[in-house]
Amino acid sequence: QDDHEAAHFYGLAANQGLAKAMSKVGVFIARGRGGLPQDDAEAARYYRIGAEQGDAKAQHQFAVCRELGKGVPQDIGEAARLFRLAAEQGLA
């Protein structure tokens, strides 16, 4: 029940364009939690949007997607760039 509520409220925030919420919704989708179906491509889409807005966690998560080819084509160079951006913000 708590996962469903959290997914709902993070979804509302993500729909308003909040970068930190994009990362959270992406995690719920990647793990198939909160009543949301598991979908690597959709999770990567949320991470990408948050990453483009400068959120370090979203940059890190999208970097993992790029590194492993989860939901997006594998791109090691892009993964390294995103990991670097996240690290510059203190996320290692």
Side-chain angles (χ1 to χ4, degrees):
Q1 180 64 25
D2 289 341
D3 272 359
H4 285 78
E5 263 187 73
H8 172 74
F9 286 111
Y10 281 124
L12 292 175
N15 288 338
Q16 294 297 314
L18 298 175
K20 289 189 185 305
M22 298 290 180
S23 179
K24 297 285 189 182
V25 171
V27 170
F28 277 106
I29 294 171
R31 296 180 182 167
R33 293 181 54 195
L36 301 173
Q38 195 283 329
D39 184 333
D40 288 337
E42 186 67 1
R45 186 178 77 79
Y46 275 91
Y47 296 146
R48 179 186 55 77
I49 294 168
E52 288 172 352
Q53 293 178 4
D55 181 69
K57 287 184 181 179
Q59 289 167 341
H60 179 85
Q61 293 289 52
F62 193 50
V64 171
C65 292
R66 283 301 210 174
E67 179 184 33
L68 302 176
K70 283 190 84 167
V72 291
Q74 186 178 39
D75 185 335
I76 301 299
E78 178 66 359
R81 184 185 77 80
L82 290 161
F83 280 130
R84 198 169 21 261
L85 288 173
E88 288 171 359
Q89 295 185 66
L91 189 65

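The model shown is predicted, which means the values in this text are computed figures rather than measured ones.
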Minimum-distance pair of heavy atoms, taken over all atoms of Asp3 and Phe28: O-CE2, 3.7 Å

Shared hydrophobic cluster for Val27 and Leu36 (ILVMFWY, side-chain gaps under 4.5 Å): no

Looking at Arg48 and Glu52, is there a salt bridge between them, counting it only when a charged N and a carboxylate O are closer than 4.0 Å? yes

Rounded to the nearest 0.5 Å, what separates atom CG in Asn15 from atom CE in Met22? 7.5 Å

Distance-minimising heavy-atom pair for Ala14 and Val25: CB-CG2, 3.9 Å

Note, Tyr47 side chain near Asp55 side chain (heavy atom, < 4.5 Å): no

So which atom in Ala58 and which in Ser23 form the shortest heavy-atom distance, rounded to 0.1 Å? N-OG, 3.8 Å

Inter-residue atom distance Glu78.CD - Glu67.CD, 0.5 Å rounding: 12.5 Å

One should read off an interatomic distance between His60 NE2 and Leu91 CG, to the nearest 0.5 angstrom, of 6.0 Å

Ignoring hydrogens, what is the shortest heavy-atom contact between Ala13 and Ala21? Give both atom names and the distance. CB-CB, 3.5 Å

Hydrophobic clusters here meaning ILVMFWY residues chained together by side-chain heavy-atom distances under 4.5 Å, can you tell me if Val72 and Phe83 are in one? no

Single-linkage hydrophobic cluster, 4.5 Å side-chain cutoff, Ile49 and Leu82 together: no

Counting distance only, does the side-chain N/O of Gln89 pair as donor-acceptor with the main-chain N or O of Gly54 below 3.5 Å? yes

Side-chain contact test, heavy atoms from C-beta onward, threshold under 4.5 Å: evaluate it for Arg66 versus Arg81 and give yes or no. no

How many angstroms lie between atom CG of Asp2 and atom NE2 of His4, to the nearest 0.5 angstrom? 10.5 Å

Which pair of heavy atoms, one from Ile76 and one from Gln74, lies closest together, and at what distance? CD1-NE2, 3.9 Å

Between Lys70 and Ala44 the two heavy atoms that sit nearest each other are O-CB, 4.0 Å

